[in-house]
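Before any comments, here is the structure.
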Amino acid sequence: MPHQPQPQAPDELDAEAVRTWSSLALAALGRAREDIDAINVYPVADADTGTNLYLTAESADRALDDAFTKVTEGTAPASLAHAVRAWAHGALVGARGNSGTILAQLLRGVADVLGDEPGAAKAAETGAAETGSGPRGSGALLAQALTRAAEEAYAAVSHPVEGTMLTVARAAARAGETAGAAAGTAADVARAAYDGARAALAETPGQLAALGRAGVVDAGGCGLVAVLGALWQALSGQEPAAEPVRGRAVPVPQPADPCAQDDEGPAYEVIYLLEASEAAIGELRERLDGLGDSLVVVGGDGLWNVHVHVDDPGAAVEAGVVAGRPYRIRITHFGDERRRGRGERAQRAVVAVVPGEGLAGLCGEAGATAVLVRSGEVPAVPELLDAIRRAHAREVVLLPGGAELRAAAAAAAEQARAEGVRVAVIPTRSAVQGLAALAVHDPDASFDEDVVAMTAAAGATRYGELAVAERQSFTSAGICQAGDVLGLIDGDVAVIGSDLAETAEAVLERMLGSGGELVTLVLGAEVADALAERLEAYVQHGHLAVDTVTYRGGRYSAPLLIGVE
């Protein structure tokens with residue numbers, strides 16, 4: 001059950017105040033979400049800034065609520081430090097888009113100050129008594145937190161631009177510093193920051209040409225004003241006056257082609273969480289900066305959220321692989337986002353879970369929304385639900401791509417149905433079955449006819465996979481040793497060999513023994529093209545009537561996937 005904001009004692013900067021701030025901020029962003037989406041023109045006019053801020057705040061609020069629940073089950077009350085750290089971590093792991101990623105770093109900056117146990121504890125104990133005076137006063141502490149937040153947000157963005165959310169954050173921090181230096185209470189500092197942010201937001205159209213041309217204020221800055229208004233309300237008990245989002249009535253020109261770019265900017269947005277050392281982040285920033293723009297890398301302590309706009313999403317993911325361990329990878333084509341932003345809900349869409357950015361790109365070219373996962377990993381239900389929402393269609397066909405993913409796919413489909421989306425889950429057990437289903441997808445057919453045809457195509461595709469054994473174990477084909485090449489057919493080990501090519505040929509021969517018209521080969525990132533050439537020749541020599549197609553699976557794909565239709 002969502003936390004209900006509770007009245008706070010004046011100037012009380014404690015864990016409950018943070019919880020109230022979070023709840024009020026989420027509610028404020030929920031109310032402003034559609035209006036903020038409508039004025040989103042920079043850095044890409046994809047009408048999702050309000051949604052991204054809301055989803056980021058929702059993740060942060062959920063993490064904070066979980067932290068309070070765990071503390072309640074114990075004996076000690078939640079501390080200010082514990083609350084702000086949980087809140088910032090929730091924003092980091094759930095950050096969406098450029099604006100959400102910056103919001104996550106702003107909250108991290110706040111946590112870096114308020115989460116400092118000794119300082120935070122002293123401020124909580126003495127703040128009310130000192131009424132904000134002196135270095136330990138809660139007003140001065142909050143001002144310091146807002147300043148750190150703005151500094152860290154600027155540092156996280158590779159090429160900061162004025163007239164954006166960053167400008168609004170810095171103006172808020174400066175106004176808060178002035179109030180804190182004048183011995184203001186935490187509520188005074190919050191009010192000053194809120195007023196400073198509002199004034200800075202009004203100036204953004206004159207600072208950024210894209211905003212001036214469209215006649216709107218910055219969308220991210222508008223969301224930050226809502227968050228700071230919630231802070232003031234949490235500390236003062238006074239609700240900010242409702243303000244219309246200025247400029248919303250001004251039409252923003254759209255390209256004639258829904259998939260066309262408004263400018264020469266990159267075509268894809270890539271976001272992922274990354275486990276990596278701080279030393280690796282500098283090189284990652286340099287590599288990604290050379291690939292695209294709108295680069296924001298936030299986080300610390302071994303966990304980062306990476307956001308970038310690129311034309312080559314595979315290269316952006318590969319840069320993360322070099323730096324550490326990327327996961328929860330989201331690749332979005334801006335043409336799809338613009339369609340969604342204009343409210344043009346498609347009649348039907350396909351969502352496919354795939355292991356490998358090469359397969360994700362392949363699905364994207366076919367018009368599907370791809371969810372990229374590591375081989376063997378199961379995406380969370382919210383991740384699948386988010387993909388269904390991003391597809392922005394009345395009807396969605398979901399291709400889970402593995403038996404172990406069916407439960408998560410079914411749960412996501414059920415939640416999407418509750419939101420009014422008609423969803424069918426096709427029980428694909430391999431990415432090659434998903435490709436077969438996608439190949440016969442017909443958006444002009446009725447939903448039932450399309451689902452039946454896609455299900456039949458997937459079911460008529462036998463699937464094989466080559467993997468390398470990590471340890472000695474018993475299999476359906478006998479005992480394998482670490483390093484052996486395993487040839488799986490329809491999920492069971494059928495061949496154990498020592499050579500990748502020879503094992504692949506043995507698997508192909510067994511799969512084609514019962515007939516086939518088309519062989520699909522998906523090569524992993526480390527597999528040479530020569531293997532595909534050898535297997536194509538092998539098929540052509542022994543099965544003249546069978547065609548062969550080859551794709552690159554990319555990172556995370558198995559060494560070789562085989563489909564026989």
Side-chain angles (χ1 to χ4, degrees), residues 18 22 52-53 55-68 70-71 79-117 120 145 148-149 151-158 269-289 294-308 313 316-331 357 371-374 376-383 386 555-556:
V18 172
S22 175
N52 287 335
L53 286 169
L55 293 175
T56 303
E58 184 181 48
S59 177
D61 190 67
R62 187 166 53 246
L64 181 56
D65 220 30
D66 289 345
F68 264 81
K70 291 177 182 177
V71 170
S79 67
L80 173 60
H82 182 66
V84 292
R85 286 174 180 167
W87 194 30
H89 180 76
L92 175 66
V93 299
R96 304 297 180 91
N98 196 66
S99 56
T101 309
I102 293 174
L103 176 60
Q105 190 71 349
L106 289 168
L107 296 187
R108 179 178 174 83
V110 169
D112 282 349
V113 174
L114 300 187
D116 175 22
E117 286 281 5
R148 178 76 65 84
E151 291 172 349
E152 292 195 9
Y154 265 91
V157 178
S158 289
E269 176 185 62
V270 177
I271 304 174
Y272 51 81
L273 290 179
L274 177 69
E275 293 177 357
S277 66
E278 188 147 0
I281 295 303
E283 185 175 345
L284 174 69
R285 287 179 184 273
E286 187 175 340
R287 290 189 64 176
L288 291 178
D289 200 26
S294 296
L295 173 60
V296 186
V297 181
V298 304
D301 301 321
L303 181 62
W304 310 83
N305 192 305
V306 179
H307 169 280
V308 67
V317 175
E318 184 176 349
V321 173
V322 173
R325 176 182 176 269
Y327 61 104
R328 291 194 188 177
I329 300 165
R330 298 176 69 244
I331 299 174
E357 74 270 13
V371 179
L372 181 58
V373 296
R374 284 174 175 265
E377 287 189 351
V378 178
V381 173
E383 192 174 356
D386 174 64
R555 297 277 181 177
Y556 307 134

Report all side-chain donor-acceptor pairs from residues 90-105 shorter than 3.5 Å, counting only partners two or more places apart or in another chain.
{"unit_1": "Arg96", "atom_1": "NH1", "unit_2": "Asp386", "atom_2": "OD1", "d": "2.8"}
{"unit_1": "Arg96", "atom_1": "NH1", "unit_2": "Asp386", "atom_2": "OD2", "d": "3.4"}
{"unit_1": "Thr101", "atom_1": "OG1", "unit_2": "Gly97", "atom_2": "O", "d": "2.6"}
{"unit_1": "Gln105", "atom_1": "OE1", "unit_2": "Gly299", "atom_2": "N", "d": "3.2"}

Inset, instruction - Could you tell me whether the side chain of His307 and the main chain of Val297 form a donor-acceptor pair under 3.5 Å? - result: no
Legend entry - Arg85 side chain vs Gly115 backbone, donor-acceptor pair below 3.5 Å: yes
Could you tell me which non-hydrogen atom of [X] sits nearest to which non-hydrogen atom of [Y], and how far apart they are?
X: Val270; Y: Ile331; value: CG2-CG1, 4.3 Å
X: Leu284; Y: Ala319; value: CD1-O, 3.5 Å
X: Ser22; Y: Asp61; value: OG-OD1, 2.5 Å

Legend entry - Partners meeting side-chain hydrogen bond (donor to acceptor under 3.5 Å, both in side chains) with Thr56 (sequence neighbours left out): none
Show me, pair by pair, the donor-acceptor contacts under 3.5 angstrom made by side chains of residues 272-282, not counting sequence neighbours?
{"unit_1": "Tyr272", "atom_1": "OH", "unit_2": "Ala316", "atom_2": "O", "d": "2.9"}
{"unit_1": "Tyr272", "atom_1": "OH", "unit_2": "Gly320", "atom_2": "N", "d": "3.3"}
{"unit_1": "Ser277", "atom_1": "OG", "unit_2": "Ala280", "atom_2": "N", "d": "3.4"}

Legend entry - Contacts of type salt bridge (charged side-chain N to carboxylate O under 4.0 Å, His left out), residue Glu151, not counting sequence neighbours: none
Inset, instruction - Please identify each residue that fulfils salt bridge (charged side-chain N to carboxylate O under 4.0 Å, His left out) with Glu318, with sequence neighbours left out. - result: Arg555
Inset, instruction - Starting at CZ of Arg148, measure out to CG of Leu106 and round the result to the nearest 0.5 Å. - result: 13.0 Å
Inset, instruction - Any chance you could measure His89, atom NE2, to Asp66, atom CG, to the nearest 0.5 Å? - result: 10.5 Å
Inset, instruction - Side-chain contact test, heavy atoms from C-beta onward, threshold under 4.5 Å: evaluate it for Val296 versus Ser158 and give yes or no. - result: no
Legend entry - Residue pairs involving residues 299-308 (criterion salt bridge (Lys or Arg N to Asp or Glu O under 4.0 Å); sequence neighbours excluded): Arg108-Asp301
Inset, instruction - Can you sort out the partners of Ala86 under side-chain contact (heavy atoms from CB on, under 4.5 Å), two or more places apart, ordered by chain and number? - result: Ala67
Legend entry - Stepwise side-chain contact (heavy atoms from CB on, under 4.5 Å) check, Val306 with Ile271: CA-CA 5 Å; Val306 179; Ile271 304 174; over 6 Å; no
